[in-house]
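What follows is a single structure, written as structure tokens, with notes after it.
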Amino acid sequence: AYVNEAQLQAFLAPIAPGLSITPVDARFTFKNDSGQLQVLSGSVDGRELNVAASVAAINESLRTGQHEVALVFDVIVPAVPDTATAAELGITELVSSSTTFFAGSSAVRKLNIEVAARRVHGVVIAPGQEFSFNEYLGDVSEESGFEEGLIIYGGRTVKGVGGGVCQVSTTAFQTAFFAGFPIVERWPHGYRVGYYEGGEGAGMAVPGRSRPTSS
């Protein structure tokens, strides 16, 4: 006994996407003094249904009288496994860092900063790869862990979910700017706020750095 392969493929193909698992890269912090990586979260292998091999396995099980058969999956190895070393990833030194301060912020704003920072913490970006803050930030809602506070919308300060996220994105921008990375797209802050007035001035508040010569 066997099942018509074309019909079985037609049955498996629509359900294949729902059975797939997207691989997850590991996240690290880099210890500049030792030149080593510390794993923050491990990598996760992905998988993809191999329809043709699954069809063959099903028909083989029928031929041999088996009543159960496992579908066949191809393993997708993450680009950044948690076994990777700094040398393997080409990480040799701390290129740039930036710090902004949120002393005096409300409890809600502090929480939103913490949630947003966790979402980008430890991300590994390969040479030539484009980093999108919004991609890693993901959904900003109460359901995803953010709280309602004050946000800038339409040039005004209003109540909204995620107040404080802009400070995380601004700090990330500063780091990329001073590292000399090309900025593909950026959106300016709605208006000047006190958090960025020190050091470099509006939008570039990094104490101890020299002011850029160009504007």
Side-chain angles (χ1 to χ4, degrees), residues 21-46 77-149 151 161-187 189 193 195-196 199-200 203-209:
I21 297 176
T22 302
V24 177
D25 288 342
R27 293 196 179 197
F28 303 94
T29 55
F30 176 67
K31 301 298 183 181
N32 198 46
D33 54 348
S34 65
Q36 301 299 316
L37 298 176
Q38 178 179 339
V39 178
L40 293 175
S41 59
S43 58
V44 178
D45 287 345
V77 179
V80 185
D82 48 32
T83 55
T85 65
E88 290 170 343
L89 295 178
I91 301 173
T92 59
E93 63 179 327
L94 176 64
V95 176
S96 176
S97 66
S98 296
T99 303
T100 60
F101 301 92
F102 51 90
S105 294
S106 67
V108 167
R109 191 173 191 278
K110 291 177 180 178
L111 182 143
N112 289 337
I113 289 174
E114 180 182 350
V115 173
R118 279 203 308 264
R119 294 193 179 183
V120 297
H121 186 41
V123 170
V124 177
I125 306 299
Q129 181 183 354
E130 185 175 294
F131 167 76
S132 167
F133 181 85
N134 283 344
E135 176 185 342
Y136 286 96
L137 177 66
D139 178 48
V140 178
S141 66
E142 291 180 308
E143 290 74 20
S144 64
F146 291 92
E147 292 190 6
E148 184 180 67
I151 64 171
V161 177
V165 171
C166 58
Q167 183 157 357
V168 182
S169 61
T170 295
T171 310
F173 169 77
Q174 292 172 1
T175 308
F177 176 86
F178 285 110
F181 295 126
I183 307 300
V184 178
E185 180 182 16
R186 73 180 182 93
W187 293 84
H189 204 274
V193 293
Y195 301 106
Y196 314 124
E200 295 301 330
M204 302 299 292
V206 186
R209 293 189 188 270

Practice prompt. Decide if atom CZ of F181 counts as having more than 12 heavy atoms of other residues, nucleotides or ligands within a radius under 6.0 Å.
Written response: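 No, not enclosed.
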Could you tell me whether the side chain of [X] and the main chain of [Y] form a donor-acceptor pair under 3.5 Å?
{"X": "T175", "Y": "S96", "result": "no"}
{"X": "T171", "Y": "T99", "result": "no"}
{"X": "D82", "Y": "S43", "result": "yes"}
{"X": "N112", "Y": "E147", "result": "yes"}

Do you know the tightest heavy-atom contact between [X] and [Y]?
{"X": "P23", "Y": "V77", "result": "CB-C, 4.5 Å"}
{"X": "I183", "Y": "R186", "result": "CG2-CB, 4.0 Å"}
{"X": "Q167", "Y": "F102", "result": "OE1-CB, 3.8 Å"}
{"X": "D139", "Y": "S144", "result": "O-OG, 2.8 Å"}
{"X": "Q129", "Y": "V124", "result": "OE1-O, 4.3 Å"}

Is any side-chain heavy atom of [X] closer than 4.5 Å to a side-chain heavy atom of [Y]?
{"X": "W187", "Y": "N134", "value": "no"}
{"X": "Q174", "Y": "T100", "value": "yes"}
{"X": "I91", "Y": "F28", "value": "no"}
{"X": "D45", "Y": "P78", "value": "yes"}
{"X": "R27", "Y": "V80", "value": "no"}
{"X": "V95", "Y": "F30", "value": "no"}
{"X": "F146", "Y": "L137", "value": "yes"}

As an exercise, state the distance from [atom1] of [X] to [atom2] of [Y], rounded to the nearest 0.5 Å.
{"X": "T83", "Y": "L37", "atom1": "OG1", "atom2": "CG", "value": "11.0 Å"}
{"X": "S41", "Y": "H121", "atom1": "OG", "atom2": "NE2", "value": "9.0 Å"}
{"X": "L40", "Y": "R118", "atom1": "CG", "atom2": "CZ", "value": "12.5 Å"}
{"X": "R119", "Y": "F133", "atom1": "CZ", "atom2": "CZ", "value": "9.5 Å"}

Fill in: Aromatic plane relationship, F173 with F177 - under 30° parallel, 30 to 60° tilted, over 60° perpendicular
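Ring orientation, 0 to 90° scale: tilted.
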Worksheet entry | salt_bridge(E114, K110) N-O dist < 4.0 Å |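 Not counted as a salt bridge, because no side-chain N and carboxylate O are separated by less than 4.0 Å.
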